[in-house]
Each structure stands twice: as C-alpha cells, then as structure tokens.
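These numbers were taken from a predicted model, which means no experiment stands behind them. Letters go in sequence order (proteins before strands), and every chain restarts at 1. Computed from heavy atoms alone, side chains included, the values below leave out hydrogens, waters and symmetry copies.
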Amino acid sequence: MAGKVVTITSGKGGVGKTTTTANLSAALAIAGKKVVAIDADIGLRNLDVVMGLENRIVYDLVDVVEGTCRLKQALIRDKRVEGLYLIPAAQTRDKTAVSPEDMIALCDELRQEFDFILIDSPAGIEQGFKNAMSPADRVLIVTTPEISAVRDADRIIGLLEAAGKGPGDLIINRLRADMVQRGDMLDISDVVDVLAIKLIGVIPDDESIIISTNKGVPVIFENNSRASTAFKNISRRLNGEDVPFLNLQPEASFFQKLARFWNGG
Amino acid sequence: MAPERVIIKGTSNGIIVTIGAGNWKTILRQLAQKLEQRSSFFKGGRVAVAVGERLLNEEELEALGVLLAEHHMTLWAVYSNAPDTQAAAKALGLEAEPANAPAVAQKTGRAARTPPTEPTENVTTIRRTLRSGQTVESLGNVVVIGDVNPGAVIKAGGYVIIWGNLRGTVYAGAVSPENAFVAALELKPVQLIIGDAIARAPADERRRTIIPEIAFVQDGQIVAEAWRKK
C-alpha cells in the first residue's frame with residue numbers, strides 16, 4: 001500500500017486550511033480510508049483543537065522527528081471514527097525544528113500504513129510552508145472569494161509550479177451566494193479566471209462551521225449542512241470519484257425554479 | 001571543502017554573479033548547486049556575470065546562459081576585463097562591459113536606465129501565466145503567452161505583448177521608449193509605465209466588453225485603443 005500525501009495550503013491565514021484539513025480527514029475516514037492528519041504549523045498548533053483532540057496530546061511532530069518517541073506513540077487515534085489519526089504540532093518550538101527532508105522521511109514511513117496523509121500547512125511562504133509542501137503528492141489550495149486571499153493563492157501556485165509540485169487544486173471557501181448575486185462578492189468564475197487551476201470544491205459560508213470548530217467536533221460528524229456535504233464531495237473527488245458540484249444558489253421560489261427550467265439552466 | 005568561487009548578489013540592477021578563479025566546470029557545478037538551493041528566490045531575475053580577467057569563449061558563456069535559463073533566469077551582461085571574453089559576449093548578443101562596471105552601477109543605481117548604445121531587438125518569450133511575485137526583466141522586448149496576474153511585474157527595454165489578460169504591472173520602453181507599446185487581449189493593468197509616462201486601468205467600468213487593446217505614448221500620455229490591424 002502506498003498512501004497519498006495531500007497538503008492543504010493557502011498563503012493567507014484564516015481562510016480555512018485547518019477546518020478543511022480536519023473535515024477532509026474525517027470524511028475520508030468515514031468513507032473507510034485509513035487517514036492521518038499532520039499539523040505542520042509548529043508553534044501555532046490548531047488542528048488538535050479543531051479536531052477536539054487537544055487533551056490527548058503526549059508526543060508531537062517534533063518529538064517524532066527528533067527521535068524522542070516512536071512514530072506510533074505520537075499518533076493520536078480519533079475515537080469517533082475508525083481509521084482517523086492525528087500527529088499534532090509542537091507548541092513550544094518553531095518551524096525550524098523540522099526540515100523538508102524530515103517531512104519527506106516521515107511521510108514515506110506513514111505511506112506504508114495509511115491511505116491518506118493530510119498535511120495542514122501554516123500560512124506564509126517561508127520554512128513552514130516549504131516543510132508542508134516537500135512531501136506532497138497533491139496540493140489543495142484554499143482561498144476565500146476575497147481579492148487578498150486570491151492574490152496570495154496566486155503567489156502560492158507560482159511557488160508550487162517553480163518547485164515542480166504542479167499547480168494544485170483549488171478550494172473556494174466561505175462563498176456567500178446571496179452576496180455574489182448582489183455583485184458584492186467575487187464569484188467562482190472570477191476566482192478561477194485569475195488562478196486558472198482546477199476547482200475541486202466550493203464550500204458555502206456556514207455558521208455551523210464556527211459552532212463545530214468551537215466545540216472541537218468537525219462539522220462533518222455533526223449534521224448535514226451544505227458545508228459538510230461540500231467537504232464530503234471534495235473527499236470523494238480526492239478519491240477519484242466524479243461528483244457534480246453543489247448548487248449554491250440561495251433557495252429559489254417555485255416560480256424562479258420554473259423560469260430557470262424554461263431557460264434551460 | 002572547496003573554497004567559495006561563486007558569489008551571487010541581488011542588486012537594484014538585477015542579480016550579479018561574481019566568479020572567481022578555478023576550473024570552469026567546478027565553478028558551473030558550484031553555481032548550479034547555489035541556484036538549486038535558492039532558485040525560487042532568484043527566479044525570473046536577470047543576471048550579469050562578473051568574471052574578472054578570465055578568458056571565456058562563446059561556448060562557455062552559452063553553457064552559463066543555459067544553466068541560468070534552466071533556473072528561469074536571463075543572462076544579459078558580462079563584466080570582464082579580457083577583450084576576448086568581451087568579444088565572445090558581444091557575439092552572443094550580451095552586454096559586455098569592463099569588470100569595474102558593476103561597482104559603478106551599484107553605487108549610482110542608474111545602470112538599468114542608461115540606454116545601451118544600440119537597442120536590442122531580442123524577444124524574451126514566456127509561455128506560462130506570470131503569477132503574483134514573479135518578475136520578468138529584459139533589455140529587449142517581451143512576449144507572454146498566458147496571463148499576467150496582479151502582483152507580477154514585467155520590465156522591458158522595448159515593447160510588451162501579452163497573449164492573455166494583463167492584470168499586473170508592466171514597465172515598457174525602459175531602453176527605447178520611442179517605439180514602445182503594450183498590447184494585451186485584455187488590458188487591465190495595476191499600473192502601466194511606458195518610457196516616462198505612467199497610467200492605471202480605469203476603475204469604473206466593471207462589465208465592459210473585453211477587447212484586445214494596445215497602449216502607447218502620445219503627447220506624453222499613455223493612450224489605449226483597440227488592437228487591430230493597421
């Protein structure tokens with residue numbers, strides 16, 4: 001078995017890398033895959049909190065790399081679903097505690113045992129980003145429909161291309177259909193037009209994400225909101241399935257639907 | 001440990017690679033290693049090499065140019081005190097100046113704006129999208145087959161043609177402003193500089209029809225018009 005390493009990155013902070021990593025990991029595990037999520041944001045760890053596993057941390061990524069513990073000891077098992085594990089980041093160190101070579105070696109070891117290795121990249125384009133990027137077979141770039149986030153995503157894609165990691169796949173997060181309709185927000189085609197890479201998912205803005213993040217339960221475990229369906233669809237696409245994109249239009253009235261039907265759309 | 005024979009320095013006038021004494025092959029290997037380590041940093045830059053008294057023929061200079069091109073950098077000038085090396089550089093269409101030139105250029109920071117005696121007709125062709133943070137510099141002309149995104153910068157001695165959307169920044173006509181122009185399938189630059197004239201894309205029209213446009217200088221101002229056969 002040779003697992004796939006998928007790195008989730010964005011350039012800009014706060015666009016939803018960690019939430020995406022947590023939910024995609026959970027979704028893949030629910031689908032029966034063996035998954036490990038790695039928090040590469042050393043010094044500013046978050047993934048454990050979002051996944052609700054903070055109180056189970058004994059060893060972390062830096063301990064593994066420095067040989068303070070065995071790899072198995074740092075793997076925290078998520079009891080909510082079969083086959084989901086986390087390697088948390090160290091909180092007391094910084095990005096220089098790990099090198100790209102360390103990450104490649106670690107992932108090569110994990111590949112033997114897991115179907116998917118998801119790496120939550122820190123924001124920025126420095127050492128932490130390089131660590132997260134070096135072992136990747138595939139890169140997901142998260143952006144929100146904001147000019148600044150799109151600009152940073154563009155920079156990241158340029159760096160990925162230069163490093164021979166391909167252009168990556170795009171996730172547009174926190175889309176608000178009502179604002180797009182009013183012309184107050186970039187729409188999907190505006191973003192894809194500039195970045196010119198393949199879109200793998202669109203996640204609607206959803207309050208339930210904030211609630212679930214604060215509870216430490218990835219939204220995908222909790223309910224069937226549109227955001228959790230969107231995450232599930234991305235995980236299926238990662239698995240190679242061809243899943244149609246969600247219709248993110250605001251709920252239309254019967255007559256609007258009828259008109260849309262007439263107009264062939 | 002082999003002594004450091006290659007020094008790479010970024011200056012306001014592009015990247016300067018200073019090459020010391022020693023076997024040419026060893027030096028190319030050292031340079032390749034250094035570029036490998038820091039390639040993303042130098043990417044898209046233009047490079048002048050300072051080789052001192054070293055004698056280099058066209059072949060050796062070409063190998064150097066190819067190595068730099070592999071790392072997405074453009075060799076544009078050779079600083080040398082050896083007349084033979086200067087001649088070889090000129091034969092390859094490179095700028096050739098005495099070895100003490102870079103020091104002067106660094107001090108004054110004006111070299112980039114000093115027109116060479118003859119404007120080059122070289123065309124640098126880029127076959128990809130230029131993304132935020134990527135820069136292309138050329139003393140000659142630049143053609144991009146792809147988009148130029150916001151945050152990307154093109155600096156050209158002559159004209160710039162973009163077979164795609166121009167949303168970034170372009171300086172054209174840095175060397176020969178007389179006949180410089182900027183043409184793109186969609187002309188919506190963050191900033192456009194041709195020679196000494198500067199302009200921005202009009203901000204108001206959000207959903208106008210998109211047509212290819214060409215911008216040039218007329219009476220000291222940049223004007224844009226539909227790009228069609230004349």
Trainee: Measuring heavy-atom distances to chain B, does A:Asp152 have an atom under 4.5 Å in its side chain, in its backbone, in both, or in neither?
Mentor: neither
Trainee: Quick check on the interface: out of B:Gly133, B:Gly146, B:Gly151, B:Pro150, who has the most heavy-atom pairs with chain A under 4.5 Å?
Mentor: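 Counting heavy-atom pairs under 4.5 Å, the top option is B:Pro150.
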Trainee: Can you tell me how far CD1 of A:Ile157 sits from CZ of B:Arg131, rounded to the nearest 0.5 angstrom?
Mentor: 4.5 Å
Trainee: Answer with side chain, backbone, both or neither: which region of B:Arg167 has an atom nearer than 4.5 Å to a non-hydrogen atom of chain A?
Mentor: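 Side chain of B:Arg167 only, per the 4.5 Å heavy-atom cut-off to chain A.
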Trainee: Say you draw a straight line from CZ of A:Arg237 to CG of A:Asp169; how long is it, rounded to the nearest 0.5 Å?
Mentor: 10.5 Å
Trainee: Out of curiosity, B:Ile16 CD1 to B:Arg46 CZ, how far, rounded to the nearest 0.5 Å?
Mentor: 9.5 Å
Trainee: On a heavy-atom basis, which atom in A:Pro122 and which in A:Lys17 lie closest, and how many Å separate them?
Mentor: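 Nearest heavy atoms, A:Pro122 then A:Lys17: C-CE, 4.0 Å.
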